Amino acid sequence: MRILIQVAMFLAMIGAMSAQTFSNIQADTSIGSCSACAGKGAAGPSAIYWVKQGVSSPSLTGKATQFFVGGTTPYADALWNWTLVKDASTLHHFVYDMYFYYQNAAAVQGLEFNTTSYVHGKGYEFGFTCSVKSGGVWKISVPNSSHSSLADMHWQSTGIACPAPPTLIWNHLTFEVERTSTDQVHYISLTLNGHTYYINQTMAARIAPSSWTGLTTHFQMNGDSKQDDYSVWVDKYTVTADAASSSPVSAPVVTGTSCTAPSSSGINVCSLTNGTAVTGAVPVNASAKVSGSIYRFELWADGVKQTTIRNSGSMVTNLSLGTGSHKLEFIAYNSSGSSRVTKTLTMTVK
């Protein structure tokens, strides 16, 4: 057991050393912007737009940024971007985290959230748009093929509803994505205001000029047919980039009796049953089976990912959760995403 704990702590330490967190991006004065480039084929109509940094109200930190778009040209957009690092070749796993606040839902055509890494002539683009007036769903940015350029990207529906987010509150958005070990784009999950949706879609990267390098992120506002003025305030804008293509096993790891995987596709949780009440750390001992080889075996607690196991269907760990009721979601799937199994338990920590 001591060896297992030491190994897990070492993995956690290595993961912490390799991770880079870029916080309060909205306050970074190296901000860039454009309007026409934010439209279709990077050649859309031009909007009137501006940005104001260091806004104290509304704000969560006292240094929010106000983004404005308007004008008279229908469907004109504006984009604001930052370069986070100039070399992203060692970075694989990314978490985008932002709070946003706005007042005029009727003016919004859509809102776009993005981070992109450029490595060796490829663009690993991870873009989400809340397409309020174009289907009212979350869409992801995908290439037509592995030979697609930036102009060839298109929006693909996830089927997840996204009407106008609530106004006059701080909406909290996060998404998790990765550049896989086989250099593909992998959309993992999206969470808005505590509701997590599992995307699990893998696709080719697009091509990019070899001179394009690094890790970028952007926020975009889209105007509607009337091009009514509106503002969005952004705060606590963070991107975390990690060298690992998925999170290491959570530490500490504990031993336990063996847990046999189901005979067919599914998940067995041997240490907990639905409605279990525990005191202290929550013991997890689970096994999964899918068609083919398991690519990822994940555990989420209350919509927040706690553990990811790669290339194995065996999960043994402890969770440190607060007192009260919790929902645990186990998810396992193969590399192509063609076989995916889940299991949900509710339990209580005393």
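Count residues from 1 along the sequence. Predicted model only: the values in this text are computed from it and were never measured. Because only heavy atoms are used, hydrogens play no part in the values below, and waters and symmetry mates are left out as well, while side chains stay in.
A donor-acceptor pair is defined here as one N or O able to donate and one able to accept, closer than 3.5 Å; such a pair exists between the side chain of D235 and the backbone of L60. Side-chain atoms of Q26 come within 3.5 Å of backbone atoms of K63 as a donor-acceptor pair (strictly under, hydrogens ignored). Using a distance-only test at 3.5 Å, with no hydrogens or angles considered, a donor-acceptor pair links the side chain of N268 to the main chain of T260. No side-chain donor-acceptor contact under 3.5 Å links S141 to the backbone of G127. Proximity of a side-chain donor or acceptor of N171 to a complementary backbone N or O of Y99 within less than 3.5 Å is not detected. A distance-only check finds no donor-acceptor pair linking the side chain of T348 to the backbone of S325 [under 3.5 Å]. Side chain of T323 to backbone of K350: no donor-acceptor contact under 3.5 angstrom is found. When atom types are taken as modelled, the side chain of Q227 and the backbone of T72 share no donor-acceptor pair closer than 3.5 angstrom. T276 contributes a side-chain N or O that, together with a main-chain N or O of T273, makes up a donor-acceptor pair within less than 3.5 Å. A donor-acceptor contact shorter than 3.5 Å is absent between the side chain of N285 and the backbone of C270.
Side-chain contact between M315 and S287: absent, with no pair of heavy atoms (C-beta onward) separated by less than 4.5 Å. Side-chain contact between T61 and K236: present, with at least one pair of heavy atoms (C-beta onward) separated by less than 4.5 Å. Side-chain contact between V85 and T83 is absent, with no heavy-atom pair separated by less than 4.5 Å. Within the 4.5 Å cutoff, no side-chain heavy atoms of L190 are placed close to those of T196. Put simply, the side chain of T308 does not reach to within 4.5 Å of the side chain of F297, judged on heavy atoms. Side-chain atoms of V290 and N334, non-hydrogen and from C-beta on, do get closer than 4.5 Å to each other.
With hydrophobic clusters built from ILVMFWY side chains whose heavy atoms lie under 4.5 angstrom apart, F22 does not share a cluster with Y118. Linking ILVMFWY side-chain heavy atoms closer than 4.5 Å, directly or via other members, places I160 and I140 in a single hydrophobic cluster. Note on I48: it does not cluster hydrophobically with Y75, by side-chain heavy-atom contacts below 4.5 Å among ILVMFWY residues. V55 and I31 are members of different hydrophobic clusters when ILVMFWY side chains are connected at heavy-atom separations under 4.5 Å. There is no path of hydrophobic side-chain contacts, each under 4.5 Å, that joins V232 to F68.
Using a 3.5 Å distance cut-off with no hydrogens or angles, the side chains of Q156 and Q201 do pair a donor with an acceptor. Defined by atom type and a distance below 3.5 Å, a donor-acceptor pair is present between the side-chain atoms of D97 and H172. For the residue pair H154 / N144, a side-chain donor-acceptor distance below 3.5 Å is found, with atom types taken as modelled. T180 and T182 share a side-chain donor-acceptor pair at under 3.5 Å. Side-chain contact check for K139 and S134: at least one donor-acceptor pair (N or O, by modelled atom type) lies under 3.5 Å. In this structure, a donor-acceptor pair under 3.5 Å is present between the side chains of Y333 and R296. Side chains of S336 and S338: a donor-acceptor N/O pair is present below 3.5 angstrom, by distance only. With 3.5 Å as the limit, one finds no donor-acceptor pair spanning the side chains of Y124 and Q184.
The heavy-atom pair separating V51 from T65 by the smallest distance is CG2-CG2, 3.3 Å. Contact between T115 and T216 at its shortest, heavy atoms only, is OG1-O, 2.9 Å. Closest approach of A106 to D224, counting heavy atoms only: O-OD2, 3.5 Å. The shortest non-hydrogen separation linking P45 to P74 is CG-O, 3.9 Å. Residues G70 and D229 approach most closely at CA-OD1, 3.3 Å, considering heavy atoms. Counting all heavy atoms, side chain and backbone alike, A288 lies closest to A332 at CB-CB, 3.7 Å.
Aromatic rings from Y102 and Y230 are positioned such that their centres are separated by 6.0 Å or more. Taking the six-membered ring wherever Trp is involved, the centroid distance between the rings of W80 and F67 falls below 6.0 Å. Taking the six-membered ring for Trp and the full ring otherwise, the centers of Y187 and F128 sit less than 6.0 Å from each other. Aromatic rings of W82 and Y237 (six-membered ring for Trp) have centroids within the 6.0 Å cut-off, being under it.
To the nearest 0.5 Å, the span separating OG on S231 from CD on Q103 amounts to 7.5 Å. Distance check, rounded to the nearest 0.5 Å: OG1 of T191 to OH of Y96 gives 14.0 Å. In this structure, CD1 on I331 lies 8.0 Å from CD1 on I267, to the nearest 0.5 angstrom. For the atom pair CG of L168 and OH of Y101, the computed distance is 4.5 Å after rounding to the nearest 0.5 Å. The distance from the CD1 atom of I294 to the CZ atom of R340 is 13.0 Å, given to the nearest 0.5 Å. Remark: M98 CE to L111 CG distance equals 9.5 Å, nearest 0.5 Å.
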Review point. Checking ring pair (Phe, Tyr, Trp, His ring centres under 6.0 Å) for the pair F100/F113: CA distance, chi angles, key distance, verdict?
Key: CA-CA 11 Å; F100 66 94; F113 312 88; 5.6 Å; yes

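Judged as a side-chain hydrogen bond (donor to acceptor under 3.5 Å, both in side chains), the pairs with a partner in residues 28-39 (not counting sequence neighbours) are, in order, D28-S30.
Between K327 and D302, no side-chain nitrogen of the basic residue sits less than 4.0 Å from a carboxylate oxygen of the acidic one, so the salt-bridge criterion is not met.
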